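Throughout, protein chains are lettered first and strands after them, A, B, ... in sequence-line order, and every chain is numbered starting at 1. Owing to the predicted nature of the structure, the values given are computational and were not obtained by experimental measurement.
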There are 2 protein chains.
Amino acid sequence: MELSPTAYVILGMLSWSPKSGYDIKGLVDHTTRFFWAASYGQIYPELRRLAEAGLIEAKDTDTGGRRRTVYGLTPGGRAQLREWLAGDPEVFELRDEGLLRLFFAGAAPATAPSTLDAKRRHHETVIAQLREIEAAGKPEGFAEIVLRYGIEMNEWAVEWCERAGAELEAPAKGKGGR
Amino acid sequence: MELSPTAYVILGMLSWSPKSGYDIKGLVDHTTRFFWAASYGQIYPELRRLAEAGLIEAKDTDTGGRRRTVYGLTPGGRAQLREWLAGDPEVFELRDEGLLRLFFAGAAPATAPSTLDAKRRHHETVIAQLREIEAAGKPEGFAEIVLRYGIEMNEWAVEWCERAGAELEAPAKGKGGR
DNA sequence: ATAAACATGTAACATGTTACATGATTAT
DNA sequence: ATAATCATGTAACATGTTACATGTTTAT
């Protein structure tokens with residue numbers, strides 16, 4: 001069976017412990033969002049599909065009035081997750097509008113420093129968010145490794161923006177930039 | 001007027017010189033693809049929209065039998081591009097299936113080293129492609145800066161994969177004990 | 001009371017990929 | 001002749017976001 005990577009986000013989350021769609025969305029927003037986001041519009045329909053495929057199972061635990069459907073992995077779902085983990089990753093996509101603007105900055109060179117600045121600020125914001133997650137959740141094992149990746153990659157990007165910004169200022173060939 | 005970033009890819013390409021849809025696709029594949037991809041299915045309809053909006057202009061140059069529509073920026077299109085360049089970048093998205101697999105590797109820990117290895121190989125492949133572009137096109141100015149970003153970022157990622165791989169192999173000390 | 005958080009879901013929209021259809025020109 | 005490249009375009013499909021609709025429970 002061919003599943004989307006987003007389906008594996010769900011399977012992976014449920015491999016830790018049973019969860020509701022709401023739980024999954026909350027976890028995604030605090031963990032994988034930086035390298036794999038997912039919205040309710042994806043999660044709820046996907047939960048239904050996975051349940052129909054027998055990879056997850058609903059344990060309708062409505063605690064009184066508030067309806068809440070908690071799903072758990074079936075043995076088949078766990079096998080599917082492990083099979084996916086054993087394969088090679090295929091998707092790697094980056095969409096960086098800052099880089100795009102910088103690339104075309106020749107049409108308005110004066111805008112380059114502020115583009116670089118905005119990009120740097122973006123990465124700094126992400127670092128702050130990741131550090132918060134780090135402090136709050138004290139992740140361990142693979143989650144911690146991946147979180148460190150996020151922090152270090154964004155730190156690298158901040159440094160690059162600073163270096164590139166300095167380079168832009170350096171060749172001041174009497175053009176009267178600024 | 002609200003344009004998609006992909007529309008600005010076209011406007012940016014045309015700001016250098018007039019081009020056909022085919023030209024644009026070829027250039028995208030050799031330049032922006034690493035941080036902003038575009039397919040024919042996006043480019044041709046977008047060219048039509050931009051022409052209808054008066055931001056670009058077709059100069060129907062059919063060289064004999066082979067039909068070829070070359071577009072150039074109008075003054076309005078150039079203004080639109082410059083306006084966009086002056087704003088702050090908004091989109092930054094990463095989709096890294098390798099990181100996702102690593103994140104969930106707890107369900108099959110033995111798969112982690114090969115995931116890391118595949119991710120490293122991916123980044124090495126990209127570096128090789130970017131170096132080829134660098135050697136072939138001798139980019140200058142902002143294009144060169146952005147190309148260097150691509151190479152350096154992927155080098156950083158390769159190093160990270162090596163470091164993380166070494167950590168995985170190292171006996172689990174430092175945690176708990178100590 | 002009322003705001004925030006919990007909880008599920010759908011519909012409309014936007015974006016993007018792939019395969020297909022068509023045909024001309026150039027290099028081998 | 002035939003493969004590669006040039007060249008344009010569409011249709012079907014896949015993916016993903018946003019806004020909306022609905023209602024409960026908990027904290028202030």
Side-chain angles (χ1 to χ4, degrees), chain A residues 1-10 13-14 18-30 32-52 56 58-71 90-97 100, chain B residues 1-10 13-14 18-30 32-52 56 58-71 90-97 100:
Chain A
M1 194 180 334
E2 268 298 297
L3 296 180
S4 66
T6 299
Y8 288 108
V9 172
I10 292 174
M13 294 286 182
L14 297 185
K19 279 167 187 61
S20 68
Y22 188 84
D23 292 338
I24 291 168
K25 170 65 171 151
L27 255 179
V28 163
D29 284 348
H30 283 88
T32 65
R33 143 164 90 102
F34 300 98
F35 53 92
W36 208 286
S39 61
Y40 284 124
Q42 284 175 276
I43 290 170
Y44 284 114
E46 191 69 65
L47 280 171
R48 171 165 298 186
R49 275 193 294 273
L50 290 171
E52 276 165 11
I56 65 177
K59 316 171 165 190
D60 247 89
T61 42
D62 46 66
T63 36
R66 183 145 69 189
R67 158 158 148 277
R68 177 177 151 88
T69 310
V70 173
Y71 293 89
E90 275 161 35
V91 181
F92 185 93
E93 278 168 36
L94 181 63
R95 303 223 133 199
D96 187 333
E97 198 185 338
L100 194 61
Chain B
M1 193 178 338
E2 267 297 298
L3 296 179
S4 67
T6 299
Y8 288 107
V9 172
I10 292 174
M13 294 285 182
L14 297 185
K19 280 166 187 62
S20 67
Y22 188 83
D23 292 338
I24 290 168
K25 168 66 171 153
L27 255 179
V28 163
D29 285 348
H30 283 87
T32 66
R33 145 165 88 102
F34 300 99
F35 54 93
W36 208 286
S39 61
Y40 284 123
Q42 283 175 276
I43 290 170
Y44 283 114
E46 192 69 64
L47 280 171
R48 171 164 299 186
R49 276 192 293 272
L50 290 171
E52 276 165 12
I56 66 177
K59 316 171 167 193
D60 247 89
T61 41
D62 45 68
T63 34
R66 185 145 67 187
R67 156 159 150 278
R68 178 177 149 86
T69 312
V70 172
Y71 293 90
E90 275 160 34
V91 180
F92 184 93
E93 277 168 36
L94 180 65
R95 302 222 133 198
D96 186 333
E97 197 183 339
L100 194 61

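In this structure, A:S20 reaches the C:dT8 phosphate: one of its side-chain N or O atoms is under 4.0 Å from OP1 or OP2. Not one side-chain nitrogen or oxygen of B:S4 sits closer than 4.0 Å to the OP1 or OP2 atom of C:dA14. A close approach under 4.0 Å does not occur between any side-chain nitrogen or oxygen of A:Y22 and OP1 or OP2 of C:dT8. Between B:Y44 and D:dT8 there is a side-chain N or O to OP1 or OP2 distance below 4.0 Å. Under 4.0 angstrom from either OP1 or OP2 of C:dA7 there lies no side-chain N or O belonging to A:T69. Dashed line: the shortest gap from a side-chain N or O of A:R68 to OP1 or OP2 of D:dT25 is not under 4.0 Å. Look at A:R66 and you won't find any side-chain N or O under 4.0 angstrom from OP1 or OP2 of D:dT25.
Rounded to an integer number of Å, the gap from A:K19 NZ to C:dA7 C1' is 16 Å. One can place OH of A:Y71 at 6 Å from P of C:dG9, the figure rounded to the nearest angstrom. For the pair A:E46 CD and C:dT10 P, the computed distance is 13 Å after rounding to whole Å. To the nearest angstrom, P of D:dT10 lies 14 Å from CD1 of B:I43. When rounded to the nearest whole Å, the span between CZ of B:R49 and C1' of D:dT8 equals 16 Å. Here D:dT8 presents its P atom at 15 Å from NZ of B:K59, a figure rounded to the nearest Å. The interatomic distance linking B:E90 (CD) with C:dT15 (C1') rounds to 16 Å, in whole Å. Taking atom CH2 of A:W36 as the reference point, atom C1' of D:dT15 lies 10 Å away to the nearest angstrom.
The distance from the CG atom of A:L14 to the CG atom of A:D23 is 9.5 Å, given to the nearest 0.5 Å. From B:I56, atom CD1 reaches atom NZ of B:K19 across 12.5 Å, with rounding to the nearest 0.5 Å. One distance of note links OH of A:Y8 with OG1 of A:T32; it measures 16.0 Å at 0.5 Å rounding. We find the CD1-CE distance between B:I24 and B:M13 to be 7.5 Å, quoted to the nearest 0.5 Å. To the nearest 0.5 angstrom, A:I10 atom CD1 is 4.5 Å from A:L47 atom CG.
When B:W36, B:F92, B:F34 are each tested for a side-chain contact (heavy atoms from CB on, under 4.5 Å) with A:D96, only one passes: B:F92.
Between the axis at the start and the axis at the end of the helix from C:dA1-D:dT28 to C:dT28-D:dA1 there is an angle of 30°, using five pairs per end and rounding to 10 degrees.
Mapping A:P5 and B:G21 onto DNA chain D by nearest heavy atom places B:G21 at the nucleotide closer to the 5' end.
For A:S39, the side-chain contact (heavy atoms from CB on, under 4.5 Å) criterion is met by A:Q42, not counting sequence neighbours. Remark: B:D29 pairs with B:K25 by the side-chain hydrogen bond (donor to acceptor under 3.5 Å, both in side chains) rule, at least two apart or across chains. Residues meeting the side-chain contact (heavy atoms from CB on, under 4.5 Å) test with A:P45, sequence neighbours left out: A:R49. A:Y22 meets the side-chain hydrogen bond (donor to acceptor under 3.5 Å, both in side chains) test with no other residue; sequence neighbours excluded.
Among the nucleotides D:dG9, C:dT10, D:dA7, the one closest to any side-chain atom of B:R48 is D:dG9.
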Pairs under 3.5 Å (N/O, protein and nucleotides 17-19 of chain D):
residue : atom : partner : partner atom : Å
D:dT17  : OP2  : A:S39   : OG           : 3.4
D:dT17  : OP2  : A:Q42   : OE1          : 2.8

